[in-house]
Amino acid sequence: MSRMQRRTLLRAGTLSIIGVLAGLYRGRRAIASESGQFTVVKTEEEWRSILTPEQYEVLREEATEPPFRNAYHDSKKAGTYLCAGCELPLFSSTTKYDSRTGWPSFWEPINASAIGTKTDWKLIVPRTEVHCSRCGGHQGHVFPDGPEPTGLRYCINSVALKFVADVSNA
């Protein structure tokens, strides 16, 4: 067997292992939500019936939408951002800022109990995933490179959010 063939097999094996681990990771998530960890629990068929295909992919399968081509990355409107899956208020426009990443970014959630976190290993290096604490819907990730006062950057998928404008400022 040539060196190139060994490399190809090694890469294929590595990708297979990553795929298996990702499947196990998703399986743990489904088991956790079915066990009652979240107060809003639906079957996959129910989620598919209430979410758009893009929302389902992000909220339930932990995908990421493209940067700069999403609804809220450059929005400056005053209001509240809710979970698109269960409408739990997650972020306020008062903590939103332009991180220049192409996704809506916030330095703090509305309430610390509104979001949950877990370690995400999908890119080999660990990241901290952010999800809705009520339905478990994947929102995005949080990074320690944000502005003061928290120093955090909650990098959130627009499609995982529903915006409600502040009518008092309209």
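In this chain, numbering begins with 1 at the start of the sequence shown. Source: prediction; values computed, not measured.
Atom CG of Asn157 and atom CG of Asn70 lie 7.5 Å apart (nearest 0.5 Å). Annotation: the span from Glu54 atom CD to Leu59 atom CG amounts to 11.5 Å, rounded to 0.5 Å. Taking CH2 of Trp103 as the reference point, atom CD1 of Ile156 lies at 11.5 Å (rounded to 0.5 Å). Distance check, rounded to the nearest 0.5 Å: CG of Asp145 to CZ of Arg153 gives 4.0 Å. To the nearest 0.5 Å, atoms NE2 (His138) and SG (Cys132) are separated by 12.5 Å. In this structure, CD in Gln139 is found 9.0 Å from CD in Glu129, a value given to the nearest 0.5 Å.
No donor-acceptor pair closer than 3.5 Å links the side chain of Ser92 to the backbone N or O of Thr95. With hydrogens and angles ignored, the 3.5 Å screen pairs a side-chain donor or acceptor of Glu65 with a backbone N or O of Val159. Using a distance-only test at 3.5 Å, with no hydrogens or angles considered, no donor-acceptor pair links the side chain of Lys77 to the main chain of Ser93. Remark: the backbone N or O of Ser105 is not paired with any side-chain donor or acceptor of Ser99 at under 3.5 angstrom. In this structure a side-chain-to-backbone donor-acceptor pair under 3.5 Å is present from Ser158 to Tyr72.
Under the 4.5 Å side-chain contact rule for hydrophobic residues, Phe163 and Phe91 share a cluster. Both Val130 and Leu88 are members of a single hydrophobic cluster when ILVMFWY side chains are connected at heavy-atom separations under 4.5 Å. Under the 4.5 Å side-chain contact rule for hydrophobic residues, Tyr81 and Leu152 share a cluster. Hydrophobic clustering (ILVMFWY, side-chain heavy atoms < 4.5 Å, transitive): Val164 and Leu90 are in distinct clusters.
Put simply, the residue from Thr64, Asp120, Thr117, Thr128 that forms a side-chain hydrogen bond (donor to acceptor under 3.5 Å, both in side chains) with His141 is Asp120.
For the pair Ala114 and Pro89, the tightest heavy-atom approach, listed with the atom from each and the gap, is CB-O, 3.6 Å. Taking each heavy atom of Pro104 and Leu161 in turn, the nearest pair found is CG-CD1, 4.4 Å. The nearest pair of heavy atoms linking Ala84 to Gln55 is CB-NE2, 3.5 Å.
No donor-acceptor contact under 3.5 angstrom links the side chains of Glu108 and Tyr154, judged on distance only.
Contact check for Tyr56 versus Glu61: side-chain heavy atoms found under the 4.5 Å cut-off. Side-chain atoms of Pro126 and Thr119, non-hydrogen and from C-beta on, do get closer than 4.5 Å to each other. With a 4.5 Å cut-off on side-chain heavy atoms, Thr150 and Trp107 count as touching. Residues Arg60 and Glu44 are in side-chain contact: their nearest non-hydrogen atoms beyond the backbone lie under 4.5 Å apart. With contacts defined as side-chain heavy-atom distances shorter than 4.5 Å, the pair Phe143/Cys155 qualifies. Considering only heavy atoms from C-beta on, Phe106 stays 4.5 Å or farther from Tyr97 through its side chain. Val142 is not listed as a side-chain neighbour of Arg127, based on a closest heavy-atom distance of 4.5 Å or more. With a 4.5 Å cut-off on side-chain heavy atoms, Thr80 and Ile110 count as touching.
Salt bridge Lys122/Glu62: present, at least one basic N to carboxylate O contact under 4.0 Å. Electrostatic pairing of Arg48 and Glu57 does not count as a salt bridge here, judged by no charged N lying under 4.0 Å from a carboxylate O.
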Stepwise, does the side-chain contact (heavy atoms from CB on, under 4.5 Å) test hold for Ser133 with Ser113? CA-CA 7 Å; Ser133 66; Ser113 65; 5.5 Å; no
